[in-house]
Amino acid sequence: MAPRRTRATERDRNRRVLSQNFLADPAAVARVVRSAAPDPAGLVLEVGAGRGQLTRPLAARCGRLVAYEVDPAAGAELAAVCADLPNVRHRQTDFLTAEPPGEPFTVVGNIPWSLTSAVVRWCLAASQLRAATLLTQLEYARRRSGDYGRWSRLTVLTWPEFSWRLAGRLPRTAFRPVPTVDAGILRIERRPEPLVAPAGLPAYRRMVELGFGGAGGSLAATLRRRYPPGRVSAALRATRLDPGTPVGYVWPEQWLVLFRLLHAR
């Protein structure tokens, strides 16, 4: 007998389009909230609030919370949850269109996985952001945090200002509907003081973009296209980097040393 086909509802279609996988495991919810460690007096923006699975426990741990949910079906349930929480405001709108607050704040969310890159870019561009705790696909969180032993261009570019950390893993069975892959808790924190002086950040980013561009065939050859060969060789020796090291295997700390040596006066 052929399997019976069930008729797709509007909510089913929204879930597919919006990549919605709601947290259903109370232990997973508690783990995300612990990783976020919200300021008891601070402002939290929750992205992808869904039906409020994270909203209630976050509201109990922070001063104020703004919960964003674009899906009208989930938003109706979220509005009912928020109505009982005096320190929570519900926003039935796309988080990515919101203006960042003009005061220090953090972001927490079980974000739509198809929008991960866009949400991360929004967070990095917000001048008052202090930290973001995001549920992403595990592979994305591992790649951005260097968990594979390799480092992405975005991580290295932003390392002077932000730390990236894999704060935990959640099995796919913690979500409904169940996704095809496990999730990672990605923690991005703004450093109290940048590791590179603000005036030097543009030059640092140009060096990293050059290195990841790979125009010279290796990191050493690429850097020699802009910097004196002797200085590049000395900097590589000082950082204990083999000239043939693939660019993704250069640690962020080594990029910082390279920058300081190549730009020393």
Side-chain angles (χ1 to χ4, degrees), residues 18-25 27-39 42-50 53-55 57-58 61-62 65-69 95-96 98 100 104-175 178-192 195 208 248 251-253 255:
L18 300 173
S19 305
Q20 290 179 299
N21 301 98
F22 302 120
L23 271 176
D25 181 359
V29 170
R31 189 171 184 187
V32 174
V33 174
R34 283 197 305 272
S35 298
D39 180 352
L43 171 63
V44 174
L45 306 189
E46 184 188 0
V47 52
Q53 293 91 340
L54 282 170
T55 308
L58 283 173
R61 298 276 297 274
C62 72
L65 188 145
V66 182
Y68 288 87
E69 177 53 57
F95 171 80
L96 293 173
F105 70 98
T106 61
V107 170
V108 182
N110 176 24
I111 62 179
W113 288 353
S114 64
L115 299 177
T116 298
S117 294
V119 172
V120 168
R121 285 195 302 269
W122 188 100
C123 291
L124 295 175
S127 63
Q128 293 294 323
L129 178 87
R130 293 297 171 261
T133 305
L134 305 173
L135 274 176
T136 73
Q137 288 185 342
L138 179 59
E139 191 273 339
Y140 181 92
R142 294 190 67 189
R143 183 160 45 88
R144 291 296 187 219
S145 62
D147 195 57
Y148 287 117
R150 302 190 302 273
W151 299 89
S152 73
R153 180 195 308 245
L154 180 63
T155 308
V156 175
L157 277 171
T158 59
W159 193 259
E161 296 176 278
F162 295 93
S163 65
W164 299 69
R165 179 169 60 90
L166 177 62
R169 308 180 185 203
L170 296 180
R172 64 191 190 94
T173 52
F175 300 85
V178 179
T180 58
V181 296
D182 293 339
I185 305 174
L186 179 63
R187 177 77 174 172
I188 307 170
E189 294 184 59
R190 185 184 296 276
R191 302 185 190 279
L195 301 178
V208 173
W251 285 54
E253 291 83 359
W255 281 104

Any side-chain to backbone donor/acceptor pair from [X] onto [Y]? Under 3.5 Å, distance only.
X    : Y    : value
N110 : N21  : yes
R130 : R190 : no
W113 : L135 : yes
W122 : A98  : yes
R31  : R169 : yes
E189 : A131 : no
R191 : W159 : yes
R172 : P179 : yes

Any idea which heavy atoms bring [X] and [Y] closest together, and the distance?
X    : Y    : value
Q53  : G50  : OE1-C, 4.2 Å
A167 : R187 : CB-CB, 4.2 Å
D182 : L170 : CB-O, 3.4 Å
L43  : P104 : CB-O, 4.1 Å
I111 : L134 : CG2-CD2, 3.9 Å
A141 : L166 : CB-CD1, 3.7 Å

* To do: For the pair L115 and V47, evaluate side-chain contact (heavy atoms from CB on, under 4.5 Å) and give the outcome as yes or no after the intermediate values.
  => CA-CA 11 Å; L115 299 177; V47 52; over 6 Å; no
* Residues L154, V120; criterion side-chain contact (heavy atoms from CB on, under 4.5 Å); working and verdict -> CA-CA 10 Å; L154 180 63; V120 168; 4.1 Å; yes
Is any side-chain heavy atom of [X] less than 4.5 Å from a side-chain heavy atom of [Y]?
X    : Y    : answer
L124 : I188 : yes
F105 : V44  : no
L138 : V181 : no
V108 : P38  : no

* To do: Starting from the C-alpha separation in whole Å, work towards a yes-or-no answer on side-chain contact (heavy atoms from CB on, under 4.5 Å) for D25 and T173.
  => CA-CA 8 Å; D25 181 359; T173 52; over 6 Å; no
* To do: Determine whether the aromatic ring centres of W255 and W151 lie less than 6.0 Å apart.
  =>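 Ring centroids of W255 and W151 are no less than 6.0 Å from each other.
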* **D147 CG to L186 CG distance, which is reported to the nearest 0.5 Å** =>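 Separation between the atoms: 11.0 Å.
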* Approximate separation, where rounding is to 0.5 Å, of T106 OG1 and L45 CG ->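 Answer rounded to 0.5 Å: 7.0 Å.
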* Sort out for me which residue in R143, Q137, R142 forms a side chain to side chain donor-acceptor pair (under 3.5 Å) with E139. =>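 The single option meeting the side chain to side chain donor-acceptor pair (under 3.5 Å) with E139 is R143.
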* CA sep, side-chain torsions, deciding dist, call: F175, L23, side-chain contact (heavy atoms from CB on, under 4.5 Å) -> CA-CA 5 Å; F175 300 85; L23 271 176; 3.7 Å; yes
* To do: Verify whether one side chain among T155 and R144 offers a donor that lies under 3.5 Å from an acceptor in the other.
  =>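 The criterion, which ignores hydrogens and geometry beyond distance, is not satisfied for R144 and T155.
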* Taking atom types as modelled, is there a side-chain donor on S145 or R165 under 3.5 Å from an acceptor on the other? ->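 Checked: S145/R165 side chains show no N/O donor-acceptor pair below 3.5 Å.
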